[in-house]
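Report on the structure given below.
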Amino acid sequence: MSPTFEELSVGQDIGSRSIEVTRQDLVKYAGASGDFNPIHWNEAFATGVELPGVIAHGMFTMGAAVQLVSDWAGDPAAVVDYQTRFTKPVLVTDTTGTGDAGAVIDVSGAVGALDAEARTARVDLTVVSDGQKVLMKAQALVRLS
């Protein structure tokens with residue numbers, strides 16, 4: 001059930017989730033997005049350009065994080081604005097054949113501000129992988145009934 005504006009308060013928790021990411025997920029995302037930069041799938045190339053290894057696409061990380069908000073809102077169209085700053089890459093280790101995740105992105109959200117006139121809530125997201133914030137000022141604006 002979607003939240004209503006009247007039910008919300010600043011600081012209210014909207015939930016959390018952990019998103020497991022594999023190299024296969026990155027290849028699928030590359031196919032969908034058209035971003036075939038080898039830093040997102042080729043270990044030798046990624047380390048050759050002085051990255052610690054294969055990293056997730058920034059937009060993959062951003063999209064995975066906002067899913068928490070659209071699920072909470074009950075309608076992806078309720079998210080009328082979303083922005084963030086990328087601070088650290090998500091390193092995705094090769095776990096091919098093990099069934100294990102190569103990385104985990106932990107996302108939690110809370111109501112950061114309310115605008116009664118516009119009937120919107122700003123949801124502030126905390127997005128962490130391997131103990132480090134990977135997105136800063138991740139904020140989604142949600143229009144509610």
Side-chain angles (χ1 to χ4, degrees), residues 1-5 8 10-115 118-145:
M1 187 163 131
S2 303
T4 63
F5 185 82
L8 301 180
V10 173
Q12 183 176 342
D13 181 28
I14 71 153
S16 63
R17 69 173 42 146
S18 293
I19 303 154
E20 294 187 345
V21 183
T22 65
R23 295 264 180 102
Q24 182 179 11
D25 294 327
L26 301 184
V27 171
K28 289 178 182 178
Y29 183 82
S33 69
D35 181 353
F36 293 102
N37 188 324
I39 64 172
H40 302 304
W41 57 271
N42 184 308
E43 186 82 27
F45 185 88
T47 56
V49 295
E50 300 183 9
L51 289 169
V54 168
I55 61 171
H57 304 73
M59 296 304 284
F60 174 92
T61 303
M62 189 177 176
V66 79
Q67 187 67 47
L68 176 71
V69 179
S70 59
D71 289 349
W72 168 78
D75 177 7
V79 180
V80 296
D81 186 53
Y82 177 46
Q83 45 193 294
T84 191
R85 288 194 322 232
F86 301 102
T87 55
K88 299 270 185 196
V90 174
L91 182 64
V92 182
T93 59
D94 187 3
T95 58
T96 304
T98 68
D100 294 334
V104 176
I105 302 169
D106 294 308
V107 183
S108 60
V111 176
L114 294 167
D115 182 334
R119 298 188 64 77
T120 58
R122 188 192 76 219
V123 176
D124 299 335
L125 296 173
T126 301
V127 185
V128 177
S129 183
D130 199 25
Q132 297 190 348
K133 283 189 176 185
V134 295
L135 300 179
M136 294 292 274
K137 290 192 64 103
Q139 298 177 331
L141 189 65
V142 181
R143 188 170 324 275
L144 300 160
S145 58

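Heavy atoms from other residues, nucleotides or ligands lying under 6.0 Å from CD of Gln67 number more than 12.
Counting heavy atoms from C-beta on, the side chains of Val90 and Ile105 come closer than 4.5 Å. A 4.5 Å side-chain heavy-atom check between Thr120 and Leu144 finds every atom pair outside the cut-off. Taking the side chain as every heavy atom from C-beta outward, Thr126 and Val107 never approach each other to under 4.5 Å.
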(message) Test side chain to side chain contact (heavy atoms under 4.5 Å, CB included) on Leu91 and Val54; report intermediate values, then the result.
(response) CA-CA 6 Å; Leu91 182 64; Val54 168; 5.7 Å; no
(request) Could you check Val69 against Val142 for side chain to side chain contact (heavy atoms under 4.5 Å, CB included), going step by step and ending with a plain yes or no? (result) CA-CA 8 Å; Val69 179; Val142 181; 3.5 Å; yes
(message) Working note: Tyr29 + Met59, criterion side chain to side chain contact (heavy atoms under 4.5 Å, CB included); need CA distance, chi angles, decisive distance, verdict.
(response) CA-CA 9 Å; Tyr29 183 82; Met59 296 304 284; 3.2 Å; yes
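The backbone N or O of Pro52 sits nowhere less than 3.5 Å from a side-chain atom of Thr47 that would complete a donor-acceptor pair. Checking side-chain atoms of Asp25 against main-chain N and O of Thr22 turns up a donor-acceptor pair under 3.5 Å. Remark: the backbone N or O of Ser145 is paired with a side-chain donor or acceptor of Arg119 at under 3.5 angstrom.
Between Asp124 and Gly112, the closest heavy-atom pair is OD2-CA, 3.3 Å. Here the closest heavy-atom approach between residue Ala65 and residue Val127 is recorded as CB-CG2, 3.8 Å. Of all non-hydrogen atoms in Gly74 and Ser2, the two that sit nearest each other are CA-OG, 3.6 Å. Nearest heavy atoms, Pro3 versus Leu8: CB-CD2, 4.2 Å. When all heavy atoms of Leu114 and Ala121 are compared, the pair lying nearest together is CD2-CB, 3.7 Å. Considering all non-hydrogen atoms of both residues, Ala113 and Val10 come closest at CA-CG2, 4.1 Å.
In this structure, CZ on Phe86 lies 10.5 Å from CD1 on Ile55, to the nearest 0.5 angstrom. To the nearest 0.5 Å, atoms OG (Ser108) and CG (Leu125) are separated by 7.5 Å. Between Gln24 atom CD and Trp41 atom CH2 the span is 15.0 Å, to the nearest 0.5 Å. Here the CG atom belonging to Leu51 is positioned 9.0 Å from the CZ atom belonging to Phe45, to the nearest 0.5 angstrom. The distance from the CG atom of Leu26 to the CG atom of Asn37 is 11.5 Å, given to the nearest 0.5 Å. Thr61 contributes atom OG1, which lies 6.5 Å from atom CG of Leu135 (distance to the nearest 0.5 angstrom).
Sorted by first then second residue, the side chain to side chain donor-acceptor pair (under 3.5 Å) pairs that include residues 89-105, not counting sequence neighbours, are Asp94-Thr96. Listed by first then second residue, pairs satisfying side chain to side chain donor-acceptor pair (under 3.5 Å) with a partner in residues 72-83 read Asp81-Gln83, not counting sequence neighbours.
Under the side-chain hydrogen bond (donor to acceptor under 3.5 Å, both in side chains) criterion, Arg23 pairs with Glu43, sequence neighbours left out.
Ring geometry, His40 versus His57: the interplanar angle falls under 30°, so the pair is classed parallel (tilted spans 30 to 60°).
Between Arg122 and Asp115 there is no salt bridge, since none of the side-chain N atoms of the basic residue sits less than 4.0 Å from a carboxylate O of the acidic one.
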